[in-house]
Peer 1: 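Let me give you the structure first, and then I'll get to my questions.
For ligands, and for the atoms within them, numbers begin at 1 and follow the listed sequence. This is a predicted model, so every value here is computed, not measured.
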Amino acid sequence: EGNKEWMDEEDLKLVDALVAEGQAHLLADWPAPGESDDGKRRLLAQLRHLDKSYAGGLVKYIRNARQLLKDSKEGVNPFEGCTPAVPEGEKLDFGSQHFRELERAGIAAAGEAAIVLVAGGLGERLGYSGIKVALPVESASGMCFLELYVKSILALGAKAGRALPLAIMTSDDTHQRTVDLLEKHSYWGAAPGQITLIKQEKVACLADNDARLALLPNDPFQVQTKPHGHGDVHMLLHSSGLADKWLADGFKWVCFFQDTNGLVFRALPAAIGVSVANDYDVNSLAVPRRAKEAIGAITRLTYPDGRHITINVEYNQLDPLLRATIAPEGDVNDDTGFSPFPGNINQLVLKLSTYCAELHRHGGVIAEFVNPKYADASKDKFKSSTRLECMMQDFPKSLPEGCRVGFTVVNQVWAAYSPVKNSPADAAAKAAGGNPSHSATTGELDMYMTNCKMLQALGARIDGPQPAEFNGIKDLELWPCVAWSPLWACSWDDVEAKVTASKLHIGADAALVIEAPDAQIRSLDLQRGALVIKAAAGSQEAAAAGTDSTGSAAAAEAGAAAGAAAAGAPVVVDGLTVDNAGWEWQPLDPDAGAAEEQYIRGFRVVRHDQLVLP
Ligand code: UGB
């Protein structure tokens with residue numbers, strides 16, 4: 001009691017409210033005033049911080065937790081009475097005429113889209129010590145994920161003649177390093193204020209079924225905290241005022257995506273096109289999913305009262321739900337080799353007016369859940385403290401009846417979703433079990449495959465792929481290592497306009513990197529080796545003839561032979577044959593040291609020689 005005398009009014013109010021909510025233990029062992037006062041102030045400051053950073057405050061958090069812990073103990077099934085079914089949605093073939101029409105429509109509408117990246121998670125599963133958005137998407141260009149995303153948004157904005165806003169959700173684990181990365185690269189040319197960082201806070205851990213907050217075992221003046229999940233993004237877009245600002249600024253769509261899918265902007269514009277065509281309030285991008293694969297499943301649920309929603313059901317809940325209802329065999333592949341339930345990839349297109357209205361209704365706190373690890377069957381004790389969590393894809397769960405919720409499946413997984421999530425050991429095990437490894441290895445190889453298949457579909461002659469094995473992941477396909485900046489091409493139409501595909505040949509061992517935004521490839525025989533078309537200040541035409549076999553020194557000659565054009569003119573590759581020693585994707589020697597970025601891929605790129613233009 002003596003300690004209360006030095007507390008200010010705000011502390012007192014919070015302490016009284018917490019004690020009334022069963023949290024007296026937080027202060028029960030406090031020594032008399034004058035002893036450990038710094039520690040006590042530290043705890044009070046933390047409690048105030050936790051109170052402010054949760055919509056409704058700590059008391060609301062504790063009440064929500066108590067109810068969810070009770071439900072969990074009693075085994076309440078969140079899908080009680082629900083009948084699942086395979087939902088109907090738009091299924092697209094990457095690059096088909098229909099896909100390209102939707103992509104065109106989506107790019108036109110992207111001028112009215114705000115973009116949100118959730119990047120508060122650390123790569124613990126991946127075994128990478130840095131922030132994941134700093135990882136190279138692939139080694140040919142070395143472009144990191146954040147650069148790829150920012151440049152994609154710049155490219156879409158340039159088409160619309162408008163700077164598209166990007167919000168990045170960070171956490172204490174990732175915030176400073178994300179700021180540093182952006183500043184180091186001068187935001188890759190984004191306009192001042194175009195990128196906003198919103199930081200999620202951790203939430204208090206819970207020690208028992210009464211939702212008593214857990215103090216750290218070695219510090220009686222600190223509550224243990226853990227991440228609340230990517231669902232925080234909705235609360236933050238509301239509390240920061242960003243969602244409302246975008247609506248007021250005339251934006252119509254808000255698109256969400258996760259941190260390490262280099263292919264996200266290959267499918268997102270078409271998904272925006274689908275949203276426009278169907279006037280969807282919510283549209284989730286999805287890919288074919290193998291039964292039991294550890295990604296959520298888009299499912300149509302019908303409640304006993306006839307209501308129905310189309311929602312993500314996490315993979316560990318889908319199988320028991322199916323067994324208990326329509327399919328005693330559970331989640332199994334059909335004759336397409338995939339589960340009939342498409343896989344959620346957490347790329348969402350939401351109608352901004354509906355989104356903002358919902359945020360005002362519930363503050364952005366959506367569908368929390370708790371997942372305690374119980375010490376025994378009595379479910380009275382936890383093995384370790386737990387906390388409430390939430391997922392961004394659960395947003396539609398609270399939507400009112402009548403909202404239009406759909407999804408868009410891209411039938412070619414390799415063109416839409418290849419995230420970097422798993423450590424080499426986990427990745428190899430997943431691959432051995434017939435599942436996508438979602439590794440740094442496949443994240444890189446799938447970029448090359450997608451780029452090559454796009455060029456091939458447009459009429460280019462692409463050799464390969466070559467069989468490969470890296471990090472114990474067998475049966476990989478190493479396509480020619482083709483990478484380009486989104487500022488060069490961010491759509492099928494861009495690629496078609498900038499490459500005369502019928503006059504392009506790329507050999508199986510070749511690498512091609514296109515950075516120059518206005519580069520044109522009119523005729524290129526990249527027989528062997530590496531070609532880099534750089535975005536140079538004062539670009540010059542590299543209309544080149546003859547054969548390069550001596551590496552970069554030949555570039556000047558090649559340019560000079562064709563007569564270098566005025567500075568600033570686009571690089572035009574016309575009549576160029578390239579044959580040099582190139583780059584080698586060399587499996588790592590397990591006994592030799594390697595950088596983390598190489599280790600998680602299982603290879604290093606040895607750069608023997610290259611031609612650099614201009
Ligand atoms: N993230 C945050 O920003 N904050 C957090 O507190 C946590 C994460 P994970 P997860 O695509 O394979 C999701 O950990 O949550 C960011 C879907 O729920 O990579 O296990 C983090 O930085 C699941 O349905 O994924 O699983 C990252 O950008 C399925 O679609 C993103 O949230 C699965 O992804 C995802 O975090 C999948």
Peer 1: Considering residues, nucleotides and ligands other than F603, do more than 12 of their heavy atoms fall under 6.0 Å from its CZ?
Peer 2: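 Result for CZ/F603: enclosed.
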Peer 1: So which protein residues pack against ligand 1 under 4.0 Å, heavy atoms counted?
Peer 2: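 Protein residues near ligand 1 are V118, A119, G120, G121, R125, M169, Q200, P227, G229, H230, Q258, D259, I295, G296, N312, E314, N344, N346, M391, Q393, Y417, K421.
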Peer 1: Which of parallel (below 30°), tilted (30 to 60°) and perpendicular (above 60°) describes F99 and F94?
Peer 2: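 The arrangement is perpendicular - the two ring planes meet at more than 60°.
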Peer 1: Is the shortest side-chain N to carboxylate O distance from R323 to D319 below 4.0 Å?
Peer 2: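 D319 and R323: salt-bridged.
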Peer 1: Taking the ring of F256 and the ring of F395, is the distance between their centroids below 6.0 Å?
Peer 2: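 No, the ring centres sit 6.0 Å or more apart.
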Peer 1: Measure from the side-chain N and O atoms of H438 to the backbone N and O of A427, and report whether any donor-acceptor pair falls under 3.5 Å.
Peer 2: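 No, because the side chain of H438 does not come within donor-acceptor range (under 3.5 Å) of the backbone of A427.
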Peer 1: Got a sec, which residues hit ring pair (Phe, Tyr, Trp, His ring centres under 6.0 Å) with H49, two or more places apart in sequence or on another chain?
Peer 2: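 Scan of H49 (ring pair (Phe, Tyr, Trp, His ring centres under 6.0 Å), adjacent residues dropped) gives none.
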